[in-house]
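Order of the sequence lines sets the chain letters (A, B, ...), proteins ahead of strands, with each chain counted from 1. All values derive from a computational prediction rather than experimental measurement.
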Number of protein chains: 2
Amino acid sequence: MMGAPKISTAESAVMEALWRKSPLSAEEIAAEVAEPQGWTLATVKTLINRLLKKAAIGATPEGRRYLYHPLAPRADWLAAESKGLLDRLFDGRLAPMVSHLSQAKALTGDDIAALRKLIAEIDEEDAQ
Amino acid sequence: MMGAPKISTAESAVMEALWRKSPLSAEEIAAEVAEPQGWTLATVKTLINRLLKKAAIGATPEGRRYLYHPLAPRADWLAAESKGLLDRLFDGRLAPMVSHLSQAKALTGDDIAALRKLIAEIDEEDAQ
DNA sequence: CGGCGACGTTTACCGATGTAATCGATGGGC
DNA sequence: GCCCATCGATTACATCGGTAAACGTCGCCG
């Protein structure tokens with residue numbers, strides 16, 4: 001029934017590791033995330049447990065330990081987070097955000113170019 | 001030194017009220033935000049105080065009470081929040097987010113149209 | 001075969017946040 | 001002049017999130 005008990009930012013680092021490669025053991029996850037974040041193995045274990053309770057990841061026994069894997073695709077999470085921001089700040093619509101960033105001069109020429117290309121591609125798809 | 005001690009979501013409701021109209025008294029702010037949120041005056045006062053401590057709003061004495069006003073423009077906040085999401089999820093770039101939303105079919109025709117129009121406008125500005 | 005080490009599990013603790021009641025000063029009405 | 005209503009300020013308390021140590025179990029090495 002309930003979809004997603006919100007993954008916290010610390011937890012999302014673990015998720016990202018598992019989305020990159022899974023299944024992984026706790027040790028392996030720690031190896032992936034501990035260094036950039038400066039976390040101890042204990043911390044990573046806590047995060048893994050919270051994610052298990054949130055049913056964001058699953059565990060399968062492997063010898064005397066578990067291997068963990070994501071239970072939802074990264075795309076779903078990206079979409080939910082993005083939609084959350086758009087809803088919260090921009091009435092749920094993308095254009096106002098882009099407009100705002102543009103006016104705030106927060107877009108590089110590359111960004112604009114990439115956007116233009118995207119729009120063209122989307123239009124093309126639509127045409128088919 | 002430190003720029004902005006992060007405005008929480010509850011606090012942001014107060015900020016939004018002040019961005020719509022300021023200066024306002026605590027009572028007036030409460031009138032603006034309490035109803036949709038279901039908050040008591042006490043709660044609003046707490047939020048006001050936390051925002052004062054965070055230096056997100058300022059207060060000027062008016063008779064025997066204060067009138068409050070934002071200390072930073074809403075645009076700055078919008079930009080910071082937006083940039084935060086982009087940095088966290090999309091390598092700081094806008095195009096990947098748009099691309100993602102598009103693939104997730106989270107964009108309506110109107111969104112695309114608005115985007116196309118925006119790009120055109122931005123291009124025009126650049127041209128000048 | 002007994003202790004050590006690796007695992008997962010439980011507990012801990014602090015700051016932030018959501019939500020609110022209580023306190024202390026103070027000015028205005030009677 | 002005094003008491004109450006009204007402000008802001010202080011205190012309260014539960015939950016969540018970040019970060020981590022302590023605990024219990026169980027297989028493996030010696």
Side-chain angles (χ1 to χ4, degrees), chain A residues 2 4-18 22-69 77 80-81 84 88, chain B residues 2-18 22-69 77 80-81 84-85 88:
Chain A
M2 29 122 318
K6 197 67 175 97
I7 292 165
S8 81
T9 53
E11 287 159 4
S12 76
V14 170
M15 293 304 292
E16 292 284 11
L18 289 175
S22 83
L24 293 180
S25 68
E27 191 83 37
E28 290 165 331
I29 293 174
E32 287 277 321
V33 305
E35 343 209 347
Q37 314 281 346
W39 289 336
T40 69
L41 177 56
T43 298
V44 174
K45 285 182 178 179
T46 300
L47 295 175
I48 289 174
N49 259 287
R50 289 184 180 167
L51 287 169
L52 280 172
K53 282 196 184 112
K54 291 183 186 183
I57 64 178
T60 41
E62 205 277 348
R64 73 183 245 65
R65 70 214 203 296
Y66 285 117
L67 294 187
Y68 304 95
H69 56 92
W77 177 70
E81 294 280 316
R88 221 165 33 88
Chain B
M2 26 122 314
K6 196 68 176 95
I7 293 166
S8 82
T9 52
E11 288 159 4
S12 74
V14 170
M15 294 304 290
E16 293 284 11
L18 290 175
S22 83
L24 293 180
S25 69
E27 192 84 35
E28 291 166 329
I29 293 174
E32 288 276 322
V33 305
E35 342 208 349
Q37 314 282 344
W39 288 334
T40 71
L41 178 58
T43 299
V44 175
K45 284 182 178 179
T46 300
L47 295 175
I48 290 174
N49 259 289
R50 288 184 181 165
L51 286 168
L52 280 170
K53 283 199 184 110
K54 290 183 184 182
I57 66 179
T60 43
E62 205 277 348
R64 74 183 243 65
R65 68 211 204 301
Y66 286 117
L67 294 187
Y68 304 95
H69 55 92
W77 178 69
E81 294 280 315
L85 183 92
R88 228 170 23 92

Starting at CG of B/Leu51 and ending at P of C/dA16, how long is that distance when rounded to a whole Å?
14 Å
Supply the atom-to-atom distance A/Thr46 OG1 to A/Leu41 CG, rounded to the nearest 0.5 angstrom.
9.5 Å
What is the distance from CD of A/Gln37 to C1' of D/dG18, rounded to the nearest Å?
11 Å
Of the listed nucleotides C/dA20, C/dT17, D/dG18, the one nearest the side chain of B/Thr43
C/dA20
If you round to the nearest 0.5 Å, how far is CD of B/Glu32 from CG of B/Leu24?
6.5 Å
Would you kindly give the CG-to-P distance between B/Leu24 and D/dG8, to the nearest whole Å?
12 Å
Taking CD from B/Glu11 and C1' from C/dG15, how many angstroms apart are they, rounded to a whole number?
14 Å
Supply the atom-to-atom distance B/Thr60 OG1 to B/His69 NE2, rounded to the nearest 0.5 angstrom.
5.0 Å
When the distance from CD1 of B/Ile48 to P of D/dG8 is rounded to whole Å, what number comes out?
7 Å
Inter-residue atom distance A/Leu52.CG - A/Tyr66.OH, 0.5 Å rounding
9.0 Å
Indicate whether OP1 or OP2 belonging to C/dG18 is found under 4.0 Å from a side-chain N or O atom of B/Ser8.
yes
Strictly below 4.0 Å: does A/Thr9 bring a side-chain N or O up to OP1 or OP2 of D/dG18?
yes
Would you mind reporting whether B/Thr43 and B/Thr40 have side-chain heavy atoms less than 4.5 Å apart?
yes
Rounded distance (nearest 0.5 Å) linking atom CG of A/Leu18 with atom CD1 of A/Ile29
4.0 Å
Would you work out how much the helix from C/dC1-D/dG30 to C/dC30-D/dG1 bends between its ends, with each end axis defined by five base pairs, to 10 degrees?
30°
Ignoring the backbone of B/Lys54, work out which of C/dA20, C/dT17, D/dG17 is nearest its side chain.
C/dT17
Starting at atom CH2 of B/Trp39, determine the distance to atom P of C/dT17, rounded to an integer number of angstrom.
13 Å
Is A/Arg88 paired with B/Glu81 through a side-chain N to carboxylate O contact shorter than 4.0 Å?
yes
Whether B/Arg65 and B/Glu27 form a salt bridge (side-chain N of Lys/Arg under 4.0 Å from carboxylate O of Asp/Glu) is what I want to check.
no
Those residues at least two apart in sequence (or on a different chain) that pass salt bridge (Lys or Arg N to Asp or Glu O under 4.0 Å) with A/Glu16 are A/Arg74
In whole angstrom, give the distance that lies between atom NZ of B/Lys6 and atom P of D/dG17.
14 Å
Of A/Thr40 and B/Leu52, the one whose closest nucleotide on DNA chain D sits nearer the 5' end is B/Leu52
Using whole Å, what does the distance between atom C1' of nucleotide D/dG18 and atom CD1 of A/Ile7 come to?
16 Å
Pick out the pairs of N or O atoms, protein on one side and nucleotides 3-8 of chain C on the other, that lie under 3.5 Å.
residue, atom, partner, partner atom, Å
C/dG5, N2, A/Arg64, NH2, 3.4
C/dA6, N3, A/Arg64, NH2, 2.5
C/dC7, OP2, A/Glu27, OE1, 3.0
C/dG8, OP1, A/Tyr66, N, 3.0
C/dG8, OP1, A/Tyr68, OH, 3.4
C/dG8, N7, A/Lys45, NZ, 3.1

Measure distances between side-chain N and O atoms of A/Arg50 and base N and O atoms of D/dT19, and say whether any donor-acceptor pair falls under 3.5 Å.
yes
